[in-house]
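Below you'll find the structure, written out as structure tokens, and then a few comments.
Residue numbers count from 1 along this sequence.
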Amino acid sequence: MGTMYYGGPDTAIHIEDRALAHLKVVIATKLRRGESFTLSWQHPDGEPRGRSTVWLHPSIPLRFVFDAPQPPELNREFLHDLANSANTSGGIQLIAEHIHITPDDAAAAAPSPQE
């Protein structure tokens, strides 16, 4: 579980590492352009139930901390979806990553029939 610190060390937002890696790219791009926007997410397990939204602005300190030492391979479609949502009035809505499974992948993952 990664952490995004926004506005100081007391504001820790816990987000799964892979999702946070994708968010980092989209957020950095928007902030580098001087654009402000919102980010919304559902609270992860272990935190009070609910959802939160923050207003991201280039002048507010921001830091990303990842548990994994190596960055994951990024999914271009997921990046595209996050970037598109950042450009809407609702801002980024952190959703589950789109994972495409081919018929070959599904067959390989399926349990073999027991004899």
Side-chain angles (χ1 to χ4, degrees):
M1 180 71 64
T3 307
M4 183 174 87
Y5 293 94
Y6 187 62
D10 296 333
T11 308
I13 300 166
H14 303 288
I15 299 172
E16 186 271 324
D17 262 18
R18 183 164 174 77
L20 189 58
H22 286 80
L23 276 176
K24 182 188 86 166
V25 171
V26 174
I27 289 171
T29 299
K30 297 283 288 177
L31 295 179
R32 187 173 36 248
R33 294 177 184 156
E35 300 174 12
S36 300
F37 56 99
T38 60
L39 167 64
S40 300
W41 68 95
Q42 289 185 352
H43 298 167
D45 292 339
E47 291 187 8
R49 195 170 151 216
R51 60 189 168 88
S52 293
T53 300
V54 292
W55 177 253
L56 294 162
H57 188 275
S59 68
I60 299 173
L62 175 65
R63 182 170 61 113
F64 300 93
V65 178
F66 299 90
D67 282 344
Q70 298 297 320
E73 185 175 329
L74 299 178
N75 175 331
R76 289 184 185 268
E77 185 177 346
F78 190 39
L79 285 170
H80 184 263
D81 290 346
L82 290 172
N84 281 343
S85 70
N87 293 323
T88 66
S89 60
I92 296 176
Q93 302 291 321
L94 187 56
I95 56 169
E97 178 177 357
H98 300 286
I99 299 173
H100 296 288
I101 299 176
T102 67
D104 291 338
D105 293 336
S112 60
Q114 307 227 338
E115 298 184 44

Under a 4.5 Å cut-off applied to non-hydrogen side-chain atoms, are L31 and F37 in contact? yes
Are there more than 12 heavy atoms of other residues, nucleotides or ligands under 6.0 Å from atom NE2 of H80? no
Among the clusters formed by ILVMFWY side chains lying less than 4.5 Å apart, do I60 and I92 turn up in the same one? yes
Enclosure of Q42 CD (heavy-atom neighbours >12, cutoff 6.0 Å): no
Which heavy atom of H22 sits nearest to which heavy atom of E73, and what is that distance? CE1-O, 4.4 Å
Going by side chain to side chain donor-acceptor pair (under 3.5 Å), name the pairs with one or both residues in residues 59-72, residues two or more places apart or in two chains. H57-S59
Testing the basics here: between N75 and R18, what is the closest heavy-atom pair and its distance to 0.1 Å? CB-NH2, 3.9 Å
Provide the closest heavy-atom pair for T38 versus G90 in the form atom of the first, atom of the second, distance. OG1-O, 3.1 Å
If you measure from CG on L82 to NZ on K24, what distance do you get to the nearest 0.5 Å? 14.0 Å
Do L20 and V65 belong to the same hydrophobic cluster, where Ile, Leu, Val, Met, Phe, Trp and Tyr are linked whenever their side-chain heavy atoms lie under 4.5 Å apart, directly or via other members? no
Can you see which heavy atom on Q93 is nearest to which on S85, and at what distance? N-OG, 3.7 Å
Distance, nearest 0.5 Å, that separates CD1 of I15 from CG of L39: 6.0 Å
If you look at every heavy atom in S40 and T53, which pair is closest and at what distance? OG-OG1, 2.7 Å
Do V25 and M4 land in one hydrophobic cluster if side-chain heavy atoms of ILVMFWY residues count as linked below 4.5 Å? yes
Return each pair, listed once, that meets side chain to side chain donor-acceptor pair (under 3.5 Å) where at least one residue sits in residues 5-15; pairs must be two or more places apart or across chains. T3-H14
Parallel, tilted or perpendicular: ring planes of F64 versus F66, cut at 30 and 60 degrees: parallel
Just to verify, what does K30 make a salt bridge (Lys or Arg N to Asp or Glu O under 4.0 Å) with, not counting sequence neighbours? E35
In the structure I gave you, are the side-chain heavy atoms of V54 and W41 within less than 4.5 Å of one another anywhere? yes
Check W55 against S36 and note the closest heavy-atom contact, atom names and distance. CZ2-CB, 3.2 Å
